[in-house]
Amino acid sequence: MSSLTLADVYAARRRIEGRVTRTPLIESAALSRIAGTSVYLKLETMQPTGSFKLRGATNALVGLAERGHGRVVTASTGNHGRAVAHAARALGMQAVVCMSALVPRNKVEAIDALGARVVIVGNSQDDAQVEALRLVREEGFVFVPPFDDMDVIAGQATIGVEIMESLPDTAAIVVPLSGGGLFSGVAFAAKRIRDDIAMIGVTMERGATMHASLAAGRPVLVDEVETLADSLGGGIGLDNRHTFALTQSLADNVVLLDEASIARGIVFAYREERLVMEGAAAVGIAAMLDGRIDVKRGPVVLVISGANIDMNLHRRLIQEA
Ligand SMILES: *Cc1c(COP(=O)(O)O)cnc(C)c1O
């Protein structure tokens with residue numbers, strides 16, 4: 001593992017400045033009342049692509065552009081794919097997003113609308129990944145990984161810097177956890193700035209690869225299942241280079257939530273704060289509501305990672321609650 005430094009994080013901040021939003025940090029009166037200490041929300045839902053992934057992707061792409069690369073590829077159809085497409089367009093780079101024929105039409109259109117070239121191959125995400133790697137090998141594209149990459153991690157880490165600048169006495173930060181790029185970055189920056197901060201990862205019970213890997217002491221495979229926190233699905237890579245070790249060394253606790261709890265988080269955010277957030281982003285709120293975050297003192301900051309929930313699903317959850 002090549003090592004990350006706080007200087008890398010500040011360099012990332014300078015690179016992405018003006019290209020991503022410095023997001024608001026707002027107090028949630030409702031959560032503060034319930035928790036008995038002040039609870040703040042860091043609203044990455046307000047990034048132009050609706051998630052924090054724009055930070056890491058922008059930092060990686062600015063770095064590539066500086067080194068003379070103009071063509072990037074990814075196989076992510078979710079928030080990372082959107083972020084790469086958006087950042088590439090802003091930088092005048094060519095982006096290709098490989099996806100399988102099974103990816104729903106609206107996702108294809110969303111990526112297409114951001115100016116990326118969509119290549120449809122095969123019937124699985126693995127087939128899409130194979131095509132992306134072929135473009136790297138044979139056509140000189142650079143692959144932009146969704147989390148296990150130092151430039152991506154440094155980009156996500158800028159959230160930690162912003163939190164510590166806005167609220168220097170932060171006692172704990174709660175972060176949605178999947179591949180661990182977001183967690184590693186935020187935890188690294190925050191703990192380098194003040195080492196007594198508690199860093200808590202939250203993820204879903206169903207298909208929590210990083211949690212299973214931490215328990216096993218090495219990266220493992222976990223079956224992917226459907227969850228309301230769809231942006232938290234997927235593996236961490238058996239050959240994980242950075243985020244497993246960083247998460248292992250920086251996490252004070254990892255909390256697992258069931259689907260009903262995640263739904264309550266989404267509904268609470270809408271009812272109490274008038275915020276629309278996807279399942280992956282609502283896990284911190286859900287964990288607070290379930291009393292799973294040990295808050296002896298505040299302030300506690302919840303990273304609200306993204307807004308990109310299917311609106312029909314959102315409406316159904318609100319109506320059924
Ligand atoms: C990608 C993503 C996450 C998890 O980030 P990792 O770096 O993979 O841990 C959390 N929330 C949202 C909305 C995401 O898009």
Side-chain angles (χ1 to χ4, degrees), residues 4-28 39-62 79-80 82-83 86-87 146-195 197-203 231-232 242-243 246-247 250-252 275 277-278 280-285 299-308:
L4 188 65
T5 68
L6 201 50
D8 296 331
V9 180
Y10 283 101
R13 195 195 11 202
R14 283 191 299 278
R15 282 211 197 102
I16 68 175
E17 197 175 4
R19 301 185 179 278
V20 309
T21 301
R22 180 174 176 126
T23 54
L25 183 66
I26 61 154
E27 182 170 6
S28 165
V39 179
Y40 287 78
L41 309 178
K42 178 67 170 163
L43 296 179
E44 290 299 303
T45 47
M46 296 184 72
Q47 292 295 353
T49 58
S51 90
F52 74 91
K53 289 226 173 49
L54 192 59
R55 294 178 187 260
T58 300
N59 188 46
L61 264 60
V62 172
N79 286 330
H80 177 64
R82 281 170 89 135
H86 180 100
F147 54 86
D148 198 21
D149 175 278
M150 280 305 193
D151 289 331
V152 171
I153 297 167
Q156 324 306 28
T158 59
I159 296 169
V161 172
E162 290 177 15
I163 291 170
M164 298 312 291
E165 282 175 352
S166 301
L167 203 61
D169 62 340
T170 297
I173 305 179
V174 180
V175 182
L177 176 64
S178 177
L182 177 63
F183 185 90
S184 298
V186 174
F188 177 85
K191 288 200 176 190
R192 276 303 145 100
I193 293 168
R194 255 212 22 247
D195 65 7
I197 298 219
M199 288 299 315
I200 299 143
V202 188
T203 191
S231 290
L232 300 184
H242 310 296
T243 58
L246 282 166
T247 303
L250 294 165
D252 293 286
L275 291 171
M277 56 186 72
E278 57 180 286
V283 295
I285 293 177
V300 179
V301 175
L302 314 182
V303 176
I304 307 299
S305 51
N308 296 324

Do [X] and [Y] come close enough that some side-chain heavy atom pair is under 4.5 Å?
X: Leu41; Y: Leu275; value: yes
X: Asp169; Y: Pro299; value: yes
X: Val303; Y: Phe52; value: no
X: Met277; Y: Ile285; value: yes

Taking all heavy atoms of [X] and all of [Y], pick out the closest pair and write down the distance.
X: Pro176; Y: Leu182; result: O-CD2, 3.9 Å
X: Leu54; Y: Ala87; result: CD1-N, 4.3 Å
X: Arg194; Y: Ala171; result: NH2-CA, 4.5 Å
X: Ser184; Y: Ile153; result: CB-CG2, 4.1 Å
X: Ala307; Y: Glu278; result: N-OE2, 3.6 Å
X: Lys53; Y: Gln156; result: CA-NE2, 4.3 Å

If you measure from [atom1] on [X] to [atom2] on [Y], what distance do you get to the nearest 0.5 Å?
X: Ile163; Y: Ile173; atom1: CD1; atom2: CD1; answer: 4.5 Å
X: His86; Y: Leu61; atom1: NE2; atom2: CG; answer: 11.0 Å
X: His80; Y: Arg82; atom1: NE2; atom2: CZ; answer: 13.5 Å
X: Thr23; Y: Glu162; atom1: OG1; atom2: CD; answer: 5.5 Å
X: Leu302; Y: Ile200; atom1: CG; atom2: CD1; answer: 9.5 Å
X: Gln47; Y: Thr21; atom1: CD; atom2: OG1; answer: 4.5 Å

Enclosure of Arg192 CZ (heavy-atom neighbours >12, cutoff 6.0 Å) |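 For Arg192, atom CZ is not crowded (no more than 12 foreign heavy atoms under 6.0 Å).
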
Any sub-3.5 Å donor-acceptor pair from [X]'s side-chain atoms to [Y]'s backbone N or O?
X: Thr243; Y: Gly179; answer: yes
X: Asn59; Y: Asp151; answer: yes
X: Asp148; Y: His242; answer: yes
X: Asn308; Y: Thr49; answer: yes
X: Lys191; Y: Leu250; answer: yes

Yes or no on side chain to side chain donor-acceptor pair (under 3.5 Å) for Arg19 and Thr58, after CA distance, side-chain angles and deciding distance?
-> CA-CA 8 Å; Arg19 301 185 179 278; Thr58 300; over 6 Å; no

From Leu232, Thr203, Val174, residue fulfilling side-chain contact (heavy atoms from CB on, under 4.5 Å) relative to Val283 = Leu232

Carefully, step by step, assess Asp8 and Met150 under the rule side chain to side chain contact (heavy atoms under 4.5 Å, CB included).
-> CA-CA 9 Å; Asp8 296 331; Met150 280 305 193; over 6 Å; no

Give the C-alpha distance, both sets of side-chain angles, the deciding distance and a yes or no for side chain to side chain contact (heavy atoms under 4.5 Å, CB included) between Leu6 and Ile193.
-> CA-CA 8 Å; Leu6 201 50; Ile193 293 168; 4.2 Å; yes

Hey, which of Arg15, Arg55, Arg22, Glu17 is the one that makes side chain to side chain donor-acceptor pair (under 3.5 Å) with Thr158?
-> Arg55

